[in-house]
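These values consider heavy atoms only, across backbone and side chains, with no hydrogens, waters or symmetry-generated copies. Quantities reported herein were computed from a predicted structural model and do not represent experimental measurements.
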Amino acid sequence: MPTPLQERVRRIARRRSSRWVYRLTRAAICMLLYPYLRVQRHGGEHLDISGPVIVAPVHRSNLDAPLLSGVGRRPLRALAKESLFANRWFGGFIAALGAFPVRREATDREAMRLATEILGAGEQMIVFPEGGRGSGPTIDGVFDGMSYLASKAGAAIVPVGIAGTEAAMPAGARFPRRVPVAIVVGEPIAAPAGSMSRRELSRFSEVVKGRLQDAFDQAQALVTNR
């Protein structure tokens, strides 16, 4: 059952004014952050498909999600820890940007239910396939929970390689350094057909991992060749 906070966030997200908050914030990121980091974008058209979509980016920095807003045309949703909504004004702001609260101590089942609900409404949602922030040039693994979510929600997965953000704003940094960044969006991976066994989920996750590594390699090459 939704909490009072989650109901409030839903109301905010449905407001027409929230669309303008998202558009203005996206415009500010494109006008200020993109030139500062000299961001290169490739394959953004792969994000402009209809229906439920899991946007699956490499995660190396807190810059990754904000930068993604400037790549495709569709608004992005994401689950965020409930504590970020503690301040009513900041919570309202990130709710307008598409964030939805989930309790950090909650079970994965609740997070999966919320994610399935968002995707079931035909929206586009960020899910970090590595399960959290990683480091280095290699994708170590993709968690099967994302593959299960794609299967359950009938959502396509779009792999996104983002290079340069780890150097621009590593863990603990408060402000980004002026380091070149590249974003490469891979072709969509069709949603798995029907329910899958654990072994099938693992095989599908390996496919996603390979496609994500390809996009990440291309992004890293673009940064290296600058």
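Screening residues 30-45 for side-chain hydrogen bond (donor to acceptor under 3.5 Å, both in side chains), with sequence neighbours left out, gives no hits. Counting only residues at least two apart or on different chains, no ring-ring contact (aromatic ring centres under 6.0 Å, His included) pair has a member in residues 173-195. The salt bridge (Lys or Arg N to Asp or Glu O under 4.0 Å) analysis of residues 91-102, with sequence neighbours excluded, yields no pairs. Here side-chain hydrogen bond (donor to acceptor under 3.5 Å, both in side chains) pairs that include residues 6-20, with residues two or more places apart or in two chains, are Arg10-Glu117. Listed by first then second residue, pairs satisfying ring-ring contact (aromatic ring centres under 6.0 Å, His included) with a partner in residues 206-226 number zero, not counting sequence neighbours.
The closest side-chain heavy-atom distance from Glu206 to Arg203 is not below 4.5 Å. Counting heavy atoms from C-beta on, the side chains of Leu76 and Glu123 never come closer than 4.5 Å. Looking at heavy atoms from C-beta onward, Ser69 lies in side-chain contact with Tyr22 at the 4.5 angstrom threshold. A heavy-atom distance below 4.5 Å is found between the side chains of Val53 and Val55.
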Please tabulate, one pair per line, all N/O donor-acceptor pairs under 3.5 Å involving side-chain atoms of residues 150-169, not counting sequence neighbours.
{"residue": "Ser151", "atom": "OG", "partner": "Gly194", "partner atom": "O", "Å": "2.7"}
{"residue": "Thr165", "atom": "OG1", "partner": "Asp64", "partner atom": "OD1", "Å": "2.7"}
{"residue": "Glu166", "atom": "OE1", "partner": "Gly136", "partner atom": "N", "Å": "3.2"}
{"residue": "Glu166", "atom": "OE2", "partner": "Ser135", "partner atom": "OG", "Å": "2.5"}

Per-pair distances, 0.1 Å, donor-acceptor, side chain in residues 91-102, under 3.5 Å, sequence neighbours excluded:
none

What donor-acceptor contacts under 3.5 angstrom involve side-chain atoms of residues 180-187, with partners at least two apart or in another chain?
none

Please tabulate, one pair per line, all N/O donor-acceptor pairs under 3.5 Å involving side-chain atoms of residues 140-147, not counting sequence neighbours.
{"residue": "Asp144", "atom": "OD1", "partner": "Ser205", "partner atom": "OG", "Å": "2.6"}
{"residue": "Asp144", "atom": "OD2", "partner": "Ser202", "partner atom": "OG", "Å": "3.1"}
{"residue": "Ser147", "atom": "OG", "partner": "Ser205", "partner atom": "OG", "Å": "2.7"}

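Pro57 and Leu212 get closest at one heavy-atom pair: C-CD1, 4.3 Å.
In this view, Phe128 and His59 satisfy the ring pair (Phe, Tyr, Trp, His ring centres under 6.0 Å) rule, not counting sequence neighbours. Under the side-chain hydrogen bond (donor to acceptor under 3.5 Å, both in side chains) criterion, Gln220 pairs with no residue at all, not counting sequence neighbours. Not counting sequence neighbours, the partners of Asp48 by the side-chain contact (heavy atoms from CB on, under 4.5 Å) test are Arg73.
Leu33 CG to Leu67 CG: the interatomic distance, rounded to the nearest 0.5 Å, is 5.0 Å. The CD1 atom of Ile118 sits 5.0 Å away from the CG atom of Leu79 when rounded to the nearest 0.5 Å. Distance CG/Leu5 to CD/Glu82: 5.5 Å, rounded to 0.5 Å. One finds the CD1 atom of Ile54 at 5.5 Å from the CG atom of Leu119 (value rounded to the nearest 0.5 Å).
A donor-acceptor pair is defined here as one N or O able to donate and one able to accept, closer than 3.5 Å; such a pair exists between the side chain of Arg74 and the backbone of Ile49.
Side chain to side chain, Asp217 and Gln213 meet the donor-acceptor criterion of an N or O pair below 3.5 Å.
Salt bridge status for Arg60 with Glu130: present, with a side-chain N to carboxylate O gap under 4.0 Å.
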